[in-house]
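Have a look at the structure below before the remarks.
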Amino acid sequence: MHDPALLRRDPEEAARRLATRGFQFDVARFRELDERRRQLVRQVEELRAFRKSESEEIARLRRAGADTAEREQKVKAVGKEISRLEDELAVVEEEFRQFLAGIPNFPHESVPVGSGEGDNVEVRRWGQPREFNFTPKPHWELGPQIGILDLERAAKIAGSRFAVYWGAGALLERALIQFMLEVHTREHGYREVLPPFLTNSATLFGTGQLPKFAEDLFRVQDHDLWLIPTAEVPVTNLYREEILDARELPIKLCAYSPCFRSEAGSYGKDIRGIIRQHQFQKVELVKFTLPETSYEELESLTRDAEDILQRLGLPYRTVVLCTGDLGFAAAKTYDIEVWMPGQQAYKEISSCSNFEAFQARRANIRMRRPGGKPEYLHTLNGSGLAVGRTWVAVVENYQQADGSIVIPEALRPYMRAERITPKGELV
RNA sequence: GGAGAGAUGGCCGAGCGGUUGAAGGCGCACGCUUGGAAAGCGUGUAUAGGGGCAAAACCCCUAUCGAGGGUUCGAAUCCCUCUCUCUCCGCCA
């Protein structure tokens, strides 16, 4: 959500900035709604001021014993006019609100201009993809082969885009969650939080999923409740409608949660394996920061996510998304892509974004500096990391010719094993 | 799920349908006092929208006492609906 005053000051500039990300901002429509709204507000307020003073006058006259019937009639008529205008204003305000809510965030000036994925820019690369002396298998072959991943039974009990993990596969998932949370809480300074996995629609509005992207979500029947698509949603909204003490910023939170996505409109994409699921697990990093430090914090948040891959010895590259590939609420986003040898491709495993005040304004999250007025703070988040995809990366990168999987050093304390055998056993 | 009680400013807590945006207290800020501090005294201390302005300071207006609606010339105060919290009962991991 944008500040209407800012848009009013220079709508053409706003339109120009939004055009870089492929959004057409209707300047005339904005002007019309804004004008109309302010005009109605003025009228209503003038009438209310009149009614207020007249009512006080009536009270005075009554105490003095005078007849006030005539004045009362007059004020009554004004009251009718007020409610008529109020109804009209409510319609205009709702229209204005919806119009504003549908405008995506401005890209930050450092974001490369481009029209889509192809224009994203690689900013760094870490690790050498391993040389295999055999042809590495994709996880959807290796996993079922050694009995740690079962997509057929998942389809039976839930449908496509679900997975069942057996034995060492389930443990690997659990160990990854534990490992990530431990590193972020004990070494990167995040506070762990375990939020609800269902939220109401006001919460989803705050982070920008609603009203525009309802079709990407699962909704609970007969309740105002939705399955969260990411822990970003409940965690960012923890401080909705609150004013935080600026001296306590930055606030750094991390949260494990399952994530649920309908994946409507991604029918052809990633149909094999578990890269794109209706349900997956993720450890999320969320920050609340001062406006002047949010870009530094974006850098360190991205590094915190990358650190997990480095500790696991998984090669990756980091790209900055171009204006055309940016998500609705983001001003700048880094994607971290991990090397998947079975697919011979880098695959997104984390997305780290600075939303500046865009979410804060929607969710009304503010902070106050000592002695100052409330100001909107900046919100950021990133995956640290997507657990299911990390599972895939470990399986594909650490597979051996015989079908066994070497467990990365960093995970061994959590799995109490060094290897998953070709039969899916832990040794 | 059933019955009852409640929701007021950063916090606690008053509040006859009419100068109540809201008493009082606490907290906080500034000043006086002090060698310094405490105590004491004084002053101040919500947010949003609109207007005066192109802005800031400042001034004016309007709204807000859980949310929405209603009654009334006028609602924190009366009525209705909803949400949340607490207590008891039932059910349950």
Side-chain angles (χ1 to χ4, degrees), chain A residues 1-14 30-101 194-206 220 222-226 234 237-249 251 258 357 360-377:
Chain A
M1 183 98 73
H2 291 286
D3 177 3
L6 190 84
L7 294 178
R8 191 183 303 144
R9 205 166 303 142
D10 196 349
E12 270 78 20
E13 168 66 7
F30 170 77
R31 283 219 172 93
E32 179 200 325
L33 283 171
D34 186 49
E35 252 323 298
R36 182 106 192 80
R37 180 181 134 269
R38 283 190 296 160
Q39 193 191 336
L40 281 168
V41 165
R42 225 173 308 151
Q43 287 177 16
V44 167
E45 288 185 353
E46 276 168 21
L47 289 177
R48 282 206 279 236
F50 174 77
R51 177 175 66 184
K52 200 171 171 181
S53 61
E54 276 301 290
S55 291
E56 280 162 13
E57 184 63 17
I58 286 168
R60 242 189 318 273
L61 291 172
R62 275 201 180 182
R63 267 195 300 271
D67 176 28
T68 56
E70 199 178 314
R71 271 173 194 271
E72 284 176 28
Q73 284 314 302
K74 199 164 81 183
V75 177
K76 190 169 188 167
V78 170
K80 286 232 167 67
E81 177 68 0
I82 289 172
S83 36
R84 193 185 65 75
L85 286 172
E86 277 173 343
D87 290 347
E88 205 178 326
L89 179 61
V91 172
V92 172
E93 292 227 288
E94 180 55 21
E95 241 176 297
F96 188 65
R97 204 188 62 79
Q98 278 182 16
F99 179 80
L100 282 182
L194 183 63
F197 302 151
L198 285 79
T199 67
N200 57 32
S201 38
T203 297
L204 284 148
F205 179 85
V220 177
D222 300 327
H223 295 269
D224 179 28
L225 284 174
W226 310 65
N237 278 278
L238 284 171
Y239 298 118
R240 193 171 78 225
E241 315 283 338
E242 292 190 30
I243 301 174
L244 305 176
D245 184 340
R247 289 170 298 190
E248 280 164 20
L249 301 179
I251 293 172
R361 216 172 279 117
R362 286 171 87 97
N364 200 22
I365 310 169
R366 292 175 293 173
M367 56 93 180
R368 193 197 300 273
R369 301 177 204 263
K373 293 236 159 226
E375 301 168 55
Y376 290 111
L377 46 70

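Predicted model, so just to flag it, every value in this text is computed and none were measured.
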>> For the backbone of A:T203 and the side chain of A:N200, can you confirm whether one donor and one acceptor N or O come within less than 3.5 Å of each other?
In response: yes
>> So if I define the base as every atom that isn't primed, P, OP1 or OP2, how would nucleotides 75-85 of chain B read as a B/S/- string at a heavy-atom cutoff under 4.0 Å?
In response: -----------
Distances under 3.5 Å between protein N/O atoms and the N/O atoms of nucleotides 16-21 of chain B, please, pair by pair.
residue, atom, partner, partner atom, Å
B:G18, O6, A:R62, NH1, 3.0
B:G18, N2, A:S55, O, 3.0

>> Between A:E57 and A:R71, does the side chain to side chain contact (heavy atoms under 4.5 Å, CB included) criterion hold? Intermediate values first, please.
In response: CA-CA 9 Å; A:E57 184 63 17; A:R71 271 173 194 271; 3.6 Å; yes
> What interatomic distance, in whole Å, is found between P of B:A14 and the corresponding atom of B:C78?
Replying inline: 16 Å
>> What is the distance, to the nearest angstrom, from the CD1 atom on A:I82 to the P atom on B:U72?
In response: 15 Å
> Would you say the side chain of A:Y376 lies within less than 4.5 Å of the side chain of A:I365, judging by non-hydrogen atoms?
Replying inline: no
>> Using every non-hydrogen atom in the two residues, find where A:R369 and A:A246 come nearest and quote the distance to one decimal.
In response: CA-CB, 3.7 Å
> To the nearest Å, how far apart are A:Q43 CD and B:C61 C1'?
Replying inline: 15 Å
>> Please give the distance between the P atoms of B:C11 and B:U47 as a whole number of Å.
In response: 13 Å
> Nearest-Å distance, CD (A:E94) to P (B:G68)?
Replying inline: 13 Å
> If we take the P atom in both B:A38 and B:A56, what is their distance in whole Å?
Replying inline: 38 Å
>> I need the minimum non-hydrogen distance between A:R240 and A:A363, along with the two atoms involved.
In response: CG-O, 2.8 Å
>> Quick check: on RNA chain B, is the nucleotide nearest A:V44 upstream (toward 5') of the one nearest A:Q73, or the reverse? Name the residue that is more 5'.
In response: A:V44
>> Is there a side chain to side chain contact (heavy atoms under 4.5 Å, CB included) between A:I251 and A:L377? Walk through the geometry before answering.
In response: CA-CA 11 Å; A:I251 293 172; A:L377 46 70; over 6 Å; no
> Run the side chain to side chain contact (heavy atoms under 4.5 Å, CB included) check on A:L198 and A:W226 step by step: do they pass?
Replying inline: CA-CA 5 Å; A:L198 285 79; A:W226 310 65; over 6 Å; no
> Dot-bracket, RNA chain B: Watson-Crick or G-U, under 3.5 angstrom, [ ] crossing, | other strand?
Replying inline: ((((((((.[[[..)..(.....]]]((((((.......))))))(((((((.....))))))).[[[[[..)....]]]]])))))))....
>> Can you check the distance between B:A76 and B:A67, where both ends of the measurement are the P atom (answer in whole Å)?
In response: 12 Å
>> Using side chain to side chain contact (heavy atoms under 4.5 Å, CB included), reason through A:E95 and A:F99 one step at a time and then give a plain yes or no.
In response: CA-CA 6 Å; A:E95 241 176 297; A:F99 179 80; over 6 Å; no
> How many Å lie between CG on A:L244 and C1' on B:G10, as a whole number?
Replying inline: 13 Å
>> I want to check something: taking the side chain as every heavy atom from C-beta on, are A:I82 and A:V78 in contact at a cut-off of under 4.5 Å?
In response: yes
> Under the side chain to side chain contact (heavy atoms under 4.5 Å, CB included) test, which residues partner A:E242, sequence neighbours left out?
Replying inline: A:Y239, A:L244
> Within this structure, what is the CG-to-C1' distance between A:D224 and B:A67, rounded to whole angstrom?
Replying inline: 14 Å
>> Roughly how many Å apart are B:G70 and B:A75, using the C1' atom of each and rounding to a whole number?
In response: 11 Å
>> Under a 3.5 Å threshold, yes or no: a donor from one side chain and an acceptor from the other, between A:E35 and A:Q39?
In response: no
> What residues form a side-chain hydrogen bond (donor to acceptor under 3.5 Å, both in side chains) with A:E70, not counting sequence neighbours?
Replying inline: none
>> Would you measure the distance from the P atom in B:A63 across to the matching atom in B:U19 and give it in whole Å?
In response: 13 Å
>> What is the distance, to the nearest angstrom, from the CG atom on A:L89 to the P atom on B:A63?
In response: 13 Å
> For A:F96, is the NZ or CZ atom of A:R8 found under 6.0 angstrom from the centre of its six-membered ring and inside 45 degrees of the ring axis?
Replying inline: no
> Taking the side chain as C-beta and beyond, is there a heavy-atom pair between A:R368 and A:R247 under 4.5 Å?
Replying inline: no
> If the C1' atom of B:G17 is compared with that of B:U77, how far apart are they to the nearest Å?
Replying inline: 6 Å
> Atom CD of A:E242 to atom C1' of B:A46: distance rounded to whole Å?
Replying inline: 16 Å
> Given the C1' atoms of B:G25 and B:G15, what is the spacing between them in whole Å?
Replying inline: 15 Å
> Which part of the nucleic acid does A:R71 contact within heavy-atom distance under 4.0 Å: base, sugar-phosphate only, or nothing?
Replying inline: nothing
> Reading nucleotides 47-59 of chain B 5' to 3', which nucleotides get B (base under 4.0 Å from a protein heavy atom), which S (sugar-phosphate only), which -?
Replying inline: SSBSS--------
> Are any side-chain N or O atoms of A:S55 and backbone N or O atoms of A:R51, one a donor and one an acceptor, separated by less than 3.5 Å?
Replying inline: yes
> Whole-Å distance between B:U64 P and A:E241 CD?
Replying inline: 17 Å
